[in-house]
Amino acid sequence: MDAHSRFAPRLPGPAINPIVDNSDEPQPSLSDLHDFEPKLEFDDTELLAPSPLEKDVMVGDFVLDEDTDLEPEEDVNPLEDDFEDQLREQSENFQTPRNKCDFLGTDKQGRHIFGIYASRFPEKSQLEGFVREIIKEIEPFVENDYILVYFHQGLKEDNKPSAQFLWNSYKELDRNFRKNLKTLYVVHPTWFIRVIWNFFSPFISDKFRKKLVYISGLDELRQALGLNKLKLPDNICDLDDKLNPSRKPSTPPPSSILNASRQQQHKMATTHQFGVPLKFIVINSPCLNSIPPIVRKCVDSLSITGVIDTEGIFRRSGNHSEIMALKERVNRGEDVDLKSVNVHVIAGLLKSFLRDLAEPLLTFELYEDVTRFLDWPKEERSRNVTQLIREKLPEENYELFKYIVEFLVRVMDCEDLNKMTSSNLAIVFGPNFLWSRNTTTSLEEIAPINAFVDFVLQNHKDIYLIDVNQRTVSVD
C-alpha cells in the first residue's frame, strides 16, 4: 500500500480561492468521498492540546506524533486575538430573529443565495435542532444550484460547534445539499480560520477548493454576488465599517439613485433590452404583443423538442461569461443567433432578462398583495389571483407574464424528462418575477411568492381564459 492510498486527504476546508468557475463543465460534487464540509469554526481544543487519554493528536486519518526532542511551549489560543473579540462584542445585544437563515436573493447566474449567521447560533446543547431547522428552511430550494454565505461575526465560545458535530451534520445532509452547492462564501473570516486552512491546504481536494471563497468586506461580497442592494443585520454592517474604514461611503439615498437611474435611461441606446424598464423596450424595440425580441428568441429556442425536455432546464446554471457576452451584444442592437448556444446559457439569458428589469415583471405595486397569498382562504385564491393579474398589471406586463407562463406550462408538460414540475419552476422564477423595492426578500416572503407562481402555473387556463384586449380593467 503506497503512502497516498494509506493517507486519504480527508482534512477539512480549502485555502483562499476567490475564483469562481464559469465553465460549461458540470460543477464538481461535494458527495465525492474525499470532499469534506469545511469547519467554518470549531472548538480549538482539538488542535491546541491532546486529550488526557491520548498522546497523539488525531486529525482525520493523520496522526501527528509528539516530538519528545522539542521543549514544551505554552499553549496560545489564536482565537484570543483582537479580531475575534471584535466579532463577539458586536453580538452581545443582538436579538436572535425568527428565521435561522435568510434568503438574500439570486446571484448573477440566477442561483438562490442563503445567508447563515454565526450570531444566530444557539448554545451548543441546542445546535443540533438549530441545524435541522436550517435544513428544513432551505430544503425546497436545493434541487437547484444554490449559494451559501456564512457570516462569521458573532461566534462565541458557548455556541462554537465542535469539528465532530460539523462532520456528523454534513454526513446527514441529502446528496442535493452537497452536490448543488456551487459556492460557499465565508465573510469576515478570522486570522485563526485563515491559518488553519492554509496549513491544511496541501491535503484539500481541488474540487472543494473552488467552492470556498473568503470575503473580507461587504462591498466585495456585493460584487461577487452581483447584488447592488444587500440587506443585512446591523451588527454585521457595523463590524464591516470597523474592519474596512477606508471603503466607499454607504449606499446613497433613494432619491439620488432614482435621479441617477433617470439620467442613465436618457443616455441609454434605444437598442437596450437588458437593465431597462419593460415600457422602454416596448417603445423602442419591434415588440409583437409587447414581447421583447430577445425573450421571444429565447422561448423559441428553448421550445424545440430535445431542448425543452432537457433535464434540469432552468435549474442548472449556464456559463456566466457567455450570458454576459450575449447581453452586451443584444444591448448593442446585434441580431444574435441562439441556434448553437448551450441550452442552459439560453435559459440563463431568459432569467437574466427578468432579473435585470428596472421593475419586476409583477411590479412593486403587487408585492404586498402577492406576499399575502398564503393567508388567503383557498376558496378565494383563484378570484384574487385572477383579479390581481387582469386588473392591476400594466398591459405590457400582463402580456409578457402570460407569454412566459404559457411557455413554462409547456416545460411542465415535459416534466417526466426534464424533472421540472410547477413547484420547481416556481422556485426558480418566483424571485425573478417579483422582489421588494426597498429590502432583501426574506424566506418568509419568498414562500408565498413561489406559491403564487405555482398556483398560476397550475391554474393558467382559468386565469387566462380571456385575452388581454377583452379583459375588464377598473378605472378610477
Looking at E368, I want to see if its CD is surrounded by more than 12 non-hydrogen atoms of other residues, nucleotides or ligands under 6.0 Å.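 No.
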With a 6.0 Å cut-off (strictly less than), is the heavy-atom count around CD of Q223, excluding the residue itself, greater than 12?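 No, not enclosed.
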Would you call [X]-[Y] a salt bridge at under 4.0 Å N-O?
X	Y	value
E128	R132	yes
D335	R329	no
D102	R120	yes
R222	D219	yes
E133	K136	no
K279	E396	yes
K402	E406	yes
D145	R315	no

Counting N and O atoms only, with roles assigned by atom type, does the side chain of [X] sit under 3.5 Å from a partner on the main chain of [Y], one being a donor and the other an acceptor?
X	Y	answer
N397	L393	no
E137	C101	yes
Q126	P122	no
K211	L181	yes
Q109	G318	yes
K297	V336	yes
T386	S382	yes
N342	H344	yes
N384	R381	no
Q153	A118	no

Just do the ring-ring contact (aromatic ring centres under 6.0 Å, His included) check on F130 and F121 with the steps written out, would you? CA-CA 7 Å; F130 181 85; F121 288 3; 5.6 Å; yes
Do R372 and D375 pass the salt bridge (Lys or Arg N to Asp or Glu O under 4.0 Å) test, and can you show the C-alpha distance, the side-chain angles, and the key distance before you say yes or no? CA-CA 5 Å; R372 290 198 297 265; D375 298 331; over 6 Å; no
Please report the closest heavy-atom contact between [X] and [Y], naming both atoms and the distance.
X	Y	result
P189	I215	CD-O, 3.3 Å
E139	F177	CA-CZ, 3.8 Å
R355	G110	NH1-CA, 3.2 Å
P292	F353	CG-CZ, 3.6 Å
V345	E322	CG2-OE1, 3.7 Å
V409	L457	CG2-O, 3.9 Å

Check whether any side-chain heavy atom of [X] lies under 4.5 Å from a side-chain heavy atom of [Y], and answer yes or no.
X	Y	result
S285	I294	no
Y185	L225	yes
L155	H152	yes
L362	F452	yes
F103	I138	no
F141	I446	yes
I308	F407	yes

Option among K351, Q273, K327 that satisfies the side-chain hydrogen bond (donor to acceptor under 3.5 Å, both in side chains) test with D356: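 Of the listed residues K351, Q273, K327, the side-chain hydrogen bond (donor to acceptor under 3.5 Å, both in side chains) partner of D356 is K327.
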Compute the centroid of each ring, for H272 and then for F274, and state whether the two points are separated by less than 6.0 Å.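 Centroid separation for H272 and F274: 6.0 Å or greater.
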Suppose we call two aromatic rings close when their centres sit under 6.0 Å apart. Are F151 and Y117 close by that rule?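 Yes.
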Between [X] and [Y], is any side-chain donor less than 3.5 angstrom from a side-chain acceptor?
X	Y	answer
D454	Q458	yes
N144	H112	no
E359	T363	no
N180	R316	yes
T106	R111	no

For a side-chain hydrogen bond (donor to acceptor under 3.5 Å, both in side chains) check, start with the C-alpha distance between T271 and R332, then their side-chain angles and the critical distance, and finish with the verdict. CA-CA 6 Å; T271 55; R332 288 197 300 264; over 6 Å; no
Could you go through the side chain to side chain contact (heavy atoms under 4.5 Å, CB included) check for K392 and D369 one step at a time? CA-CA 11 Å; K392 291 192 175 183; D369 290 321; 3.3 Å; yes
